[in-house]
Protein chains: 2
Amino acid sequence: MDTTVLAKHIRLKVDLSDAEIEIVAAYFIEKDLPKKTILFKEGIIVDAIAFVVEGCLRSYSVDENGFEHILQFAPEGWWITDMLSVIKRQQSVLNVESIVDSKVFLLKRASQDELFDKVPKMERFFRILTENALCATRQRVIEGMSLTAKDRYINFCETYPDTVVNNIPQKYVAAYIGVTPEFLSKMRSQLYRS
Amino acid sequence: MDTTVLAKHIRLKVDLSDAEIEIVAAYFIEKDLPKKTILFKEGIIVDAIAFVVEGCLRSYSVDENGFEHILQFAPEGWWITDMLSVIKRQQSVLNVESIVDSKVFLLKRASQDELFDKVPKMERFFRILTENALCATRQRVIEGMSLTAKDRYINFCETYPDTVVNNIPQKYVAAYIGVTPEFLSKMRSQLYRS
DNA sequence: GGTGGAAAATAACATAGGTTAAGAAATCAA
DNA sequence: TTGATTTCTTAACCTATGTTATTTTCCACC
């Protein structure tokens, strides 16, 4: 199990010795996901969080009319799960699926609690990680209310890495910024014409 | 300084002795806010978080057309700040203001770091608090994409305590669910007619 | 208890974005 | 490669929500 990506990622936020990294890594379970594999399916009780080592996943909900809405893309170095299901131990409402061939490290909720006691810096790490995620999500709420669809699309292209913007189906981008694929297509043709 | 509300709130998530509560409480600064007082103003670098002991605050941004968008209401027992400004030490984009006469306890960022070292359970407390806030905010993103304005309004009324739903100006509710006051008014007349 | 200013209601009209449908282009399976 | 699916584009038409303007109601303050 190659922990380079994980170690580098954790050390962006907290200081861990090589020995500590080894302890931490031992709690993770490696899992390969071929393209379009569902990692967590709507309706189950999710009890792990996933760190993306390679590839890209997405989490999405399906509304009562059958439309998908994407909550999150998780390229390499990001975390993804249905957190509400994990912390409240309730049925999940999200699907988590690989968009391309991917590899994740899974951390079970029970392992996580144990890990926090053994390496308290990891509790700090997850606090900081969650604070950042909260800021980003709140930013998205504000943008959803104050920006036009075209501006949200431009923002999206500027914010997400090229691997996401250019290598995933456009309908996913539409489902993320909150418009129909048809309307995204129309916006794009307007943007590139002018 | 009456710490009843704060102690009760913290003990919902972590177990603290009376002695620990006292240590924690010593880090907070009490502040009274008459109605419509701005606690944190857009453009400053915010370096504290506020716990609402009494009353109700709101955080909002003003877009380039001068429209306000409300990110959060914080009635008694809630926390509020511009977290992005606090953690990134950058100029805030949010205003935080009391809607009615209120009382808050302020916790400075520096005090918070010190507190985490002295009472590690408080780091756990804030991790859990932030996880919950993240779930709620993500839920709001999904609702913004999948629900109609009328359903968002109904949801809002069912989710927030009566004190918020019935005691604050409707235009604030509109600025929270993401519609104009005029359209909220129209929706309400439709809802109550049928 | 009256008065001035904010908030809410109403209504006519405007528009961003959705819907439906059909064809073109890309991707996939064998 | 080829045929089958899925995705993307285009375009005509539709609807939820916004805009502007006017009127009515609600309060805060004298």
Side-chain angles (χ1 to χ4, degrees), chain A residues 34-38 56 58 60 62-70 73 97-101 141-157 164-194, chain B residues 34-37 56 58 60 62-70 73 97-101 141 143-157 164-194:
Chain A
K35 181 174 179 168
K36 293 208 179 190
T37 307
I38 294 200
C56 185
R58 67 182 178 121
Y60 63 97
V62 182
D63 73 21
E64 52 185 9
N65 303 311
F67 290 109
E68 293 183 359
H69 305 282
I70 296 183
F73 291 113
E97 186 190 87
S98 57
I99 298 178
V100 296
D101 292 349
V141 168
I142 293 278
E143 284 178 8
M145 294 196 291
S146 52
L147 297 185
T148 178
K150 199 181 282 183
D151 287 337
R152 294 202 303 277
Y153 175 64
I154 293 170
N155 250 21
F156 176 85
C157 293
V164 176
V165 176
N166 293 313
N167 289 317
I168 66 175
Q170 271 182 47
K171 62 173 186 168
Y172 289 167
V173 176
Y176 180 90
I177 63 175
V179 296
T180 56
E182 292 86 350
F183 190 65
L184 174 56
S185 180
K186 190 197 276 185
M187 288 194 298
R188 281 168 49 88
S189 84
Q190 277 172 25
L191 279 173
Y192 296 136
R193 199 173 306 150
S194 59
Chain B
K35 181 173 177 168
K36 292 208 179 188
T37 308
C56 187
R58 66 183 181 121
Y60 63 96
V62 182
D63 72 22
E64 53 184 8
N65 302 312
F67 291 108
E68 293 183 359
H69 304 282
I70 296 185
F73 291 113
E97 186 190 87
S98 56
I99 298 177
V100 296
D101 291 349
V141 169
E143 284 178 8
M145 295 197 289
S146 52
L147 297 185
T148 178
K150 199 181 281 182
D151 287 337
R152 294 202 303 277
Y153 175 63
I154 293 170
N155 250 20
F156 175 85
C157 294
V164 176
V165 176
N166 293 313
N167 290 316
I168 67 176
Q170 271 182 47
K171 62 173 185 167
Y172 289 167
V173 175
Y176 180 91
I177 63 174
V179 296
T180 56
E182 293 85 350
F183 190 65
L184 175 55
S185 178
K186 190 196 277 184
M187 288 196 297
R188 281 168 49 87
S189 85
Q190 276 172 24
L191 279 172
Y192 296 135
R193 199 173 307 150
S194 57

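Computed over heavy atoms, backbone and side chain alike; hydrogens, waters and symmetry mates excluded. Given the structure is predicted, the values throughout are model-derived calculations rather than measurements.
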* How long is the line joining CD1 of B:I99 and P of D:dC27, in whole Å? -> 16 Å

* Name all residues meeting the salt bridge (Lys or Arg N to Asp or Glu O under 4.0 Å) criterion together with A:E97; count only those two or more places apart in sequence or in a different chain, and write none if there are none. => A:R58

* Rounded interatomic separation in angstrom, taking CG from B:N167 and P from D:dC26 -> 16 Å

* Under 4.0 Å protein heavy-atom contacts per nucleotide of nucleotides 5-25 of chain C, with B for base, S for backbone only and - for none -> --SSBB------BBBBB----

* Asked: Who are the side-chain hydrogen bond (donor to acceptor under 3.5 Å, both in side chains) partners of A:N166, not counting sequence neighbours?
  -> A:D162

* Asked: If you look at every heavy atom in A:F73 and A:V173, which pair is closest and at what distance?
  -> CZ-N, 4.4 Å

* Give the minimum heavy-atom separation between A:K35 and A:I99, together with the two atoms involved. => CG-O, 3.2 Å

* Donor-acceptor pair, B:T180 side chain versus B:F183 backbone, under 3.5 Å? -> yes

